[in-house]
Amino acid sequence: MPPSPEQSASTAAPGAPLMQRRPHRSAVRHGQASCADYGCTRTECRQAARRARRQRKQDRLRGLTARVPPYAAARRAVRLHEQGMSAQDIADRAGLSVTLVRRLLRIWGQDQVGNIARASADAILGIPVPARREPSAPGLTDSAEASRLLADLARAGWPAPALALRLGVNARTVAEVRDKRPRLRLDLALRIRRLHRQLIGLDPISQGIRPAAAARTRTAAARRAAEV
């Protein structure tokens, strides 16, 4: 049986050809941690896998299990779907495989289903429910501009959690868009553009960001730029 997209990156063979390990109908895309699990060596995939490993380590230190029951995430996925978001919309917003989202939509209300990765559940639960069935700016767009604008704000010292709070998304979404997630919702891209205009000329410390957090953000941004 082929490995699940949610398996730990530690099980991946670093030099394995991508298509030899990826399931035939996999919807995993470049920029996701699961892509590196299948042997992809692209920079954005390896960075996503490293972030996922760090998050799992932090969860273990906090006494949190790596996998959780899927019901809360399934309930949120169903609610998002009822508000007009497709499975692909939810997957792109959360940075997950559309296959996992479709599974969550199917299992809602069922008993005795398998657990899912905590990071996957948190990504689904972090998506805000749209206020209306029809989003004001439907559809997907290329993430290149949004990625550049978020990287610009990071170099200025704006941490991802602070930007996520202003954008109405979770910090993981901000980090994934910044680190070259292939596509994102058009309405989020427009919000990122407006936020960049509002914040780029401001000192983050004067806006309530702790100096240490701003310094860490600048250092991390410089490190990411050097890796490109």
Side-chain angles (χ1 to χ4, degrees), residues 9 29-33 35-36 42-62 64 92-96 118-130 135-137 140-228:
R29 299 177 305 282
H30 291 300
Q32 297 180 349
C35 194
R42 285 196 181 194
T43 300
E44 62 267 32
C45 302
R46 290 187 285 112
Q47 288 176 343
R50 285 197 294 269
R51 289 194 299 271
R53 287 196 295 270
R54 285 197 298 268
Q55 184 61 53
R56 288 194 293 270
K57 180 178 180 180
Q58 292 171 3
D59 288 344
R60 285 196 300 271
L61 293 175
R62 293 162 58 196
L64 301 176
D92 285 318
R93 185 73 65 91
L96 301 172
R118 176 180 294 277
S120 298
D122 289 345
I124 295 288
L125 293 170
I127 301 176
V129 177
S136 58
L140 301 174
T141 186
D142 184 80
S143 68
E145 180 190 26
S147 174
R148 177 178 57 79
L149 296 178
L150 290 174
D152 198 20
L153 289 170
R155 286 191 294 272
W158 287 97
L163 299 177
L165 183 63
R166 289 167 170 81
L167 291 168
V169 298
N170 63 6
R172 173 178 171 172
T173 298
V174 170
E176 290 182 345
V177 172
R178 181 196 63 211
D179 296 335
K180 303 298 192 300
R181 182 165 137 188
R183 304 181 77 195
L184 75 160
R185 292 286 303 183
L186 180 57
D187 61 321
L188 178 57
L190 295 175
R191 295 204 305 275
I192 290 172
R193 187 185 298 171
R194 288 194 296 268
L195 185 65
H196 181 271
R197 286 199 301 264
Q198 295 167 6
L199 299 184
I200 194 59
L202 300 176
D203 178 11
I205 297 174
S206 71
Q207 302 300 309
I209 304 300
R210 293 184 295 112
R216 283 196 302 271
T217 302
R218 294 188 185 101
T219 300
R223 184 172 63 249
R224 285 191 298 270
E227 291 175 352
V228 175

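Sequential numbering from 1 along the given sequence is applied to the chain's residues.
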Mind checking salt bridge (charged side-chain N to carboxylate O under 4.0 Å, His left out) for Arg42 and listing every partner two or more places apart, or none if nothing turns up? Glu44

Can you list every pair that meets salt bridge (charged side-chain N to carboxylate O under 4.0 Å, His left out) and has a residue in residues 205-222, with sequence neighbours left out? none

Do Glu176 and Arg51 have side chains that get closer than 4.5 Å, going by heavy atoms? yes

Taking all non-hydrogen atoms of both residues, which atom of Ala146 and which atom of Ile192 are closest, and how far apart? CB-CD1, 3.8 Å

Quick one: CG on Leu199 to CZ on Arg194, what's the gap to the nearest 0.5 Å? 12.5 Å

In Å and rounded to the nearest 0.5 Å, what is the CG to CZ distance from Leu149 to Arg193? 8.0 Å

Close side-chain approach of Gln198 and Arg166, heavy atoms under 4.5 Å: no

Could you walk me through whether Thr173 and Leu188 satisfy the side chain to side chain contact (heavy atoms under 4.5 Å, CB included) test, starting with their C-alpha distance in whole Å, then the side-chain angles of each, then the deciding distance to 0.1 Å, before giving a yes or no? CA-CA 10 Å; Thr173 298; Leu188 178 57; 4.0 Å; yes

Residues two or more places apart in sequence or in another chain: which of them pass side chain to side chain donor-acceptor pair (under 3.5 Å) with Arg46? none

Could you walk me through whether Asp122 and Arg172 pass the side chain to side chain contact (heavy atoms under 4.5 Å, CB included) test, one step at a time? CA-CA 9 Å; Asp122 289 345; Arg172 173 178 171 172; 6.0 Å; no

Show the nearest heavy-atom pair for residues Ile205 and Ala214, with the distance to one decimal. CG1-CB, 4.3 Å

Any heavy-atom pair between the side chains of Leu163 and Arg178 that's under 4.5 Å? no

For the residue pair Ile209 and Trp158, establish whether any side-chain heavy-atom pair is separated by less than 4.5 Å. yes

dist Arg155:CZ -> Ile200:CD1 (nearest 0.5 Å) comes out at 8.0 Å

Heavy-atom pair of closest approach, residues Val169 and Arg191: CG1-NH2, 3.8 Å

How close do Pro128 and Gly168 get, counting heavy atoms only, and between which atoms? CG-O, 2.8 Å

When every non-hydrogen atom of Pro204 is compared with those of Ala156, the smallest separation belongs to CG-O, 3.3 Å

